[in-house]
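When a residue number appears, it is its place in the shown sequence, counting from 1.
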Amino acid sequence: MGRDIHLYVETSFGHKEPFSDVAYMRALADGGRIDIARNRELFGLLYSNKGLPNILSDKICREFYNYVREPDENLRTLDYIDRKDADKIIAEGRGHYRSLYGQENKWISETDWHSPSYLTLAEVLQTVETTGFHFNRLPADFRVVIRLLEALEGEYDTVCARIVFWFDN
């Protein structure tokens with residue numbers, strides 16, 4: 001059995017160095033996640049455990065990480081986890097902190113997700129080719145993702161596209 005794959009298409013536009021400035025990035029369709037059903041072969045094809053990129057769009061950050069609420073904070077708009085629970089997760093090695101928005105140790109990874117990674121269109125195509133995987137054997141929804149990446153990069157000279165993804169337990 002494979003793992004469920006949670007995938008986003010992320011674009012970088014109008015910047016000299018792709019994926020170097022969050023102001024020039026966004027998750028496609030305001031962060032519409034594409035959930036690809038369990039597929040052992042696709043899991044094996046995508047699994048690289050590179051981790052999340054250093055710079056990624058706001059939507060993906062908020063999807064992968066939960067805000068850590070201090071005892072004296074009153075929150076109404078963010079998904080959060082209490083500090084004592086976050087500290088326990090870290091102590092047990094089931095998560096990690098990420099500095100976001102200039103806040104140290106205020107964002108913790110979702111415990112049900114693992115092996116985050118990312119691939120550019122070129123890396124996806126190279127992986128498919130070097131593994132000898134036939135394009136038509138890929139799940140239909142993943143073939144559509146590849147075609148979407150190709151269309152985005154082919155339509156605009158200043159757009160680079162990549163997938164950012166992780167697996168769940």
Do [X] and [Y] share a hydrophobic cluster (ILVMFWY, side-chain heavy atoms under 4.5 Å, transitive)?
X	Y	result
L7	L125	yes
I81	Y65	no
I108	Y80	no
V144	V164	no
L52	V68	no

4.5 Å side-chain heavy-atom contact, [X] and [Y]:
X	Y	value
V145	D141	no
L119	F165	yes
L56	C61	yes
W166	E63	yes

Centroid separation W107 to Y97 less than 6.0 Å: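 For W107 and Y97, the ring centres are not under 6.0 Å apart.
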
Do you know the tightest heavy-atom contact between [X] and [Y]?
X	Y	answer
P53	Y118	CD-CD2, 3.3 Å
R83	P71	CB-CD, 4.5 Å
H6	D168	NE2-OD2, 2.9 Å
E10	I60	OE2-CD1, 3.5 Å
G95	I90	O-CD1, 3.4 Å
R98	N54	NH2-O, 2.6 Å

Give, for atom [atom1] of [X] and atom [atom2] of [Y], the distance between the pair rounded to the nearest 0.5 Å.
X	Y	atom1	atom2	answer
I163	L121	CD1	CG	9.5 Å
I5	S117	CD1	OG	11.5 Å
F64	L100	CZ	CG	11.5 Å
D82	R69	CG	CZ	4.0 Å
N66	I89	CG	CD1	8.0 Å
T120	Q126	OG1	CD	8.5 Å

Those residues that, when tested against E150, pass salt bridge (charged side-chain N to carboxylate O under 4.0 Å, His left out) (two or more places apart):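 If we apply the salt bridge (charged side-chain N to carboxylate O under 4.0 Å, His left out) test to E150, skipping adjacent residues, the hits are R147.
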
Can you list every pair that meets salt bridge (charged side-chain N to carboxylate O under 4.0 Å, His left out) and has a residue in residues 107-136, with sequence neighbours left out?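 Listed by first then second residue: K50-E123.
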
Take L46 and T127, measure what side-chain contact (heavy atoms from CB on, under 4.5 Å) needs, and give me the verdict at the end. CA-CA 8 Å; L46 292 177; T127 300; over 6 Å; no

Row check, F133 ring normal vs R137 NZ/CZ: under 6.0 Å, within 45°: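 Geometry flag: set, cation within 6.0 Å and 45°.
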
May I ask you to decide if H96's main-chain N or O and S109's side chain share a donor-acceptor pair within less than 3.5 Å?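 Such a contact is found between S109 side chain and H96 backbone.
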
Any ion pair linking E73 and K106 (charged N to carboxylate O, less than 4.0 Å)?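 Salt bridge present between K106 and E73.
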
List in chain and number order the residues that pass side-chain hydrogen bond (donor to acceptor under 3.5 Å, both in side chains) with W113, two or more places apart in sequence or in another chain; answer none if no residue qualifies.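 Per chain and number, W113 pairs via side-chain hydrogen bond (donor to acceptor under 3.5 Å, both in side chains) with no residue.
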
